[in-house]
S.K.: 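What follows is a structure written as structure tokens; I'll ask about it next.
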Amino acid sequence: MSEEINVQETAAVEPVTETVTETVSQDALENLVTLKKGDTVKGTVVKIEDNQAYVSLGYKYDGVIPLRELSSVNLDNAGDAVKIGQEVEAKIVSINDAKESLVLSKRQIDSPRAWDELQAKFDAGEAFEVTITDVVKGGLVADVGVRGFIPASMVERHFVEDFAGYKGRSLKVKVKEIDRENNKVILSAKDVLDAEYEAQKQQIMGTLQPGQVLEGKVQRLTPFGAFVDIGGIDGLVHVSEIAWSHVAHPADVVTEGQAVKVKVLKVDPSLGKISLSIKAAQPGPWESASGKFNIGDIVTGVVKRLVSFGAFVEIAPGVEGLVHISQIAHRHVATPFEVLKEGQEVQAKVLDFNPAEKRVSLSIKETEEAPARPEREHREPRAPRERREESNLPPVENMSFNLGERFGDKLSKFK
């Protein structure tokens with residue numbers, strides 16, 4: 001019995017010995033994997049510190065990717081480039097088994113590959129998403145395998161004063177310029193936004209008709225007018241169409257972000273232009289003035305323009321009346337400029353008011369008391385005309401003598 005038990009125990013032990021041998025052999029084979037400087041390897045991120053990331057390669061010890069070798073852009077933390085569990089491809093920068101030092105570079109693998117991909121995107125005009133890694137003077141930086149720079153003027157369609165909030169954001173960009181020799185990549189988010197805007201603009205313009213009244217929002221102001229967003233696209237309200245009264249600068253009447261009602265004046269899809277009017281969407285000044293003024297009313301107004309024949313006085317926003325030169329003063333006025341000046345406030349009397357014909361006749365002198373006429377100097381009464389004429393005639397006898405004497409010879413011929 002004891003011999004049988006020994007045989008069985010021996011038989012039971014032998015398979016175990018073979019399994020252990022196989023396991024040891026497999027570990028030995030794994031440890032025999034050879035790595036050398038310059039090799040490309042794949043591994044999994046197993047640990048992240050501030051300035052480096054540890055990668056398991058199935059080697060006898062983990063490799064380390066320093067912060068500067070994680071990306072082509074400056075990073076504050078290794079966690080900005082990789083995450084635990086992420087599979088990465090890297091190049092062996094140095095290896096020292098004695099010190100168990102294995103330094104890797106992710107950047108050296110990403111960079112050459114990125115140039116080829118960026119060139120293909122540039123040639124195709126392809127848009128793609130990037131994450132902003134840094135905000136620098138003059139623009140933004142993104143990691144696209146190499147350092148990609150977005151100038152401030154190419155971030156948005158509008159001016160941006162502060163880019164601090166852009167770090168960590170994703171933007172859709174196109175490659176604007178690529179220069180591999182000088183390690184230069186310029187990206188543009190504005191080009192993508194412009195293309196999307198134009199597509200949307202053409203779609204909306206197809207639905208617009210002159211005469212439509214729409215709600216909008218003032219986007220930006222210029223000296224020549226205001227750009228108003230009417231549902232994703234902008235139309236121009238020329239400065240002359242902002243208000244019924246004269247507007248020197250749009251900022252005097254409207255502000256950016258203000259909600260306004262506008263009327264569509266003209267749509268030109270070929271040029272991509274939309275002309276809008278704020279004043280046309282409101283009651284006209286003459287409509288508002290109807291029933292407000294009556295003949296004989298004394299009103300206060302401002303001299304807006306002076307011309308050779310009189311002065312135009314604004315008595316309500318957008319309502320101007322003419323003071324003819326003869327109605328400026330009781331005395332003779334050679335030119336309105338000698339009495340009035342533009343911007344002067346005056347009182348005038350309404351002589352005629354016709355809102356249908358947009359005409360008002362005013363008088364300034366009718367609001368002033370006429371000066372008294374100066375009295376004439378006292379003169380001696382004139383003598384009656386008959387008496388005066390008689391006093392100048394010579395005596396009758398003298399007249400007869402003189403006539404006979406002067407014409408006697410000539411008269412004798414007719415006897």
Side-chain angles (χ1 to χ4, degrees), residues 72-73 113-136 138-180 182-210 212 214-222 224-238 256-257 260 262 264-276:
S72 296
V73 300
R113 187 178 297 166
W115 284 110
D116 295 336
E117 293 175 354
L118 289 170
Q119 186 65 54
K121 286 181 169 64
F122 176 72
D123 295 338
E126 181 185 342
F128 56 99
E129 284 196 359
V130 298
T131 300
I132 304 305
T133 58
D134 201 5
V135 177
V136 296
L140 308 175
V141 175
D143 184 2
V144 287
V146 295
R147 184 181 187 273
F149 180 64
I150 309 175
S153 61
M154 297 183 188
V155 176
E156 299 284 358
R157 296 187 67 246
H158 57 272
F159 173 75
V160 179
E161 187 173 355
D162 185 8
F163 289 99
Y166 280 77
K167 187 173 182 178
R169 281 181 54 181
S170 293
L171 295 180
K172 207 169 186 179
V173 299
K174 284 185 177 181
V175 179
K176 187 79 172 179
E177 183 181 343
I178 184 168
D179 186 347
R180 188 166 186 169
N182 293 308
N183 200 36
K184 180 180 179 182
V185 177
I186 303 298
L187 305 174
S188 174
K190 182 176 179 294
D191 284 2
V192 177
L193 295 173
D194 283 344
E196 292 175 349
Y197 174 79
E198 286 302 320
Q200 185 179 19
K201 185 175 183 178
Q202 291 300 320
Q203 182 181 0
I204 296 176
M205 287 181 74
T207 67
L208 295 178
Q209 294 294 330
Q212 280 182 279
L214 307 167
E215 297 289 338
K217 182 179 287 187
V218 179
Q219 287 293 96
R220 57 193 177 93
L221 302 176
T222 66
F224 56 83
F227 286 92
V228 177
D229 182 349
I230 52 172
I233 63 173
D234 293 346
L236 173 64
V237 179
H238 191 266
E256 291 184 0
V260 292
V262 294
V264 180
L265 299 181
K266 185 179 179 182
V267 180
D268 191 339
S270 62
L271 297 177
K273 291 184 178 180
I274 303 170
S275 298
L276 305 172

S.K.: Give a yes or no answer on whether the side chain of S188 reaches the backbone of K174 with a donor-acceptor pair at less than 3.5 Å.
M.R.: no
S.K.: So, for L193 and R157, which heavy atoms are closest and what is the spacing to 0.1 Å?
M.R.: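 Smallest heavy-atom distance, with atoms named: CB-CG, 3.7 Å.
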S.K.: What's the verdict on side-chain contact (heavy atoms from CB on, under 4.5 Å) for V218 and V237, showing C-alpha distance, side-chain angles and the deciding distance?
M.R.: CA-CA 10 Å; V218 179; V237 179; over 6 Å; no
S.K.: Can you check whether W115 reaches N183 side chain to side chain, under 4.5 Å on heavy atoms?
M.R.: yes
S.K.: Say you draw a straight line from CD of E126 to CD of E117; how long is it, rounded to the nearest 0.5 Å?
M.R.: 10.0 Å
S.K.: Would a 4.5 Å heavy-atom cut-off, applied to side chains only, mark L221 and E256 as touching?
M.R.: yes
S.K.: Taking atom CD of Q202 as the centre, report whether more than 12 heavy atoms of other residues, nucleotides or ligands fall under 6.0 Å from it.
M.R.: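 It does: Q202 CD has more than 12 such atoms within range.
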S.K.: For residues R147 and V141, determine if any side-chain heavy atom of one lies less than 4.5 Å from a side-chain heavy atom of the other.
M.R.: yes
S.K.: Can you name the nearest heavy-atom pair linking T133 to K167, along with the distance?
M.R.: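 Heavy-atom minimum between the residues: O-CE, 3.2 Å.
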S.K.: Would you say that R169 contacts L140 through its side chain, given a criterion of any heavy-atom pair below 4.5 Å between the two side chains?
M.R.: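 Result no, sub-4.5 Å side-chain heavy-atom pair not found.
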S.K.: Using 0.5 Å steps for rounding, measure from the CG atom of L214 to the CD1 atom of I274.
M.R.: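 Between L214 CG and I274 CD1, I get 9.5 Å after rounding to 0.5 Å.
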S.K.: As a quick check of understanding, evaluate side-chain contact (heavy atoms from CB on, under 4.5 Å) for F128 and V144, giving each step before the final call.
M.R.: CA-CA 10 Å; F128 56 99; V144 287; 4.1 Å; yes
S.K.: Do V136 and F163 pass the side-chain contact (heavy atoms from CB on, under 4.5 Å) test, and can you show the C-alpha distance, the side-chain angles, and the key distance before you say yes or no?
M.R.: CA-CA 9 Å; V136 296; F163 289 99; over 6 Å; no
S.K.: Out of curiosity, I178 CD1 to L118 CG, how far, rounded to the nearest 0.5 Å?
M.R.: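 Answer rounded to 0.5 Å: 5.0 Å.
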S.K.: Less than 4.0 angstrom from a charged side-chain N to a carboxylate O is my criterion; do K201 and D194 meet it?
M.R.: no
S.K.: Roughly how far, to the nearest 0.5 Å, is NE2 of H158 from CZ of R220?
M.R.: 11.0 Å
S.K.: Please find the pair of heavy atoms, one from Q200 and one from G231, that lie closest to each other, and give the distance.
M.R.: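 Reported closest heavy-atom pair: NE2-O, 4.0 Å.
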S.K.: Is the shortest side-chain heavy-atom distance between V73 and D134 below 4.5 Å?
M.R.: no
S.K.: What are the two closest heavy atoms between F224 and H238, and how far apart are they?
M.R.: O-CD2, 3.5 Å
S.K.: Please walk me through it: do L171 and L187 pass side-chain contact (heavy atoms from CB on, under 4.5 Å)?
M.R.: CA-CA 10 Å; L171 295 180; L187 305 174; over 6 Å; no
S.K.: Roughly how far, to the nearest 0.5 Å, is the CE atom of M205 from the CD atom of E198?
M.R.: 9.0 Å
S.K.: Which pair of non-hydrogen atoms, one from G145 and one from A114, has the smallest distance, and what is that distance?
M.R.: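 Minimum heavy-atom separation between G145 and A114: CA-CB, 3.5 Å.
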S.K.: Taking all heavy atoms of A189 and all of V155, pick out the closest pair and write down the distance.
M.R.: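 Between these two residues, the closest heavy atoms are CB-O, 3.4 Å.
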S.K.: How long is the span from the CG atom in L236 to the CG atom in L265, to the nearest 0.5 Å?
M.R.: 10.0 Å
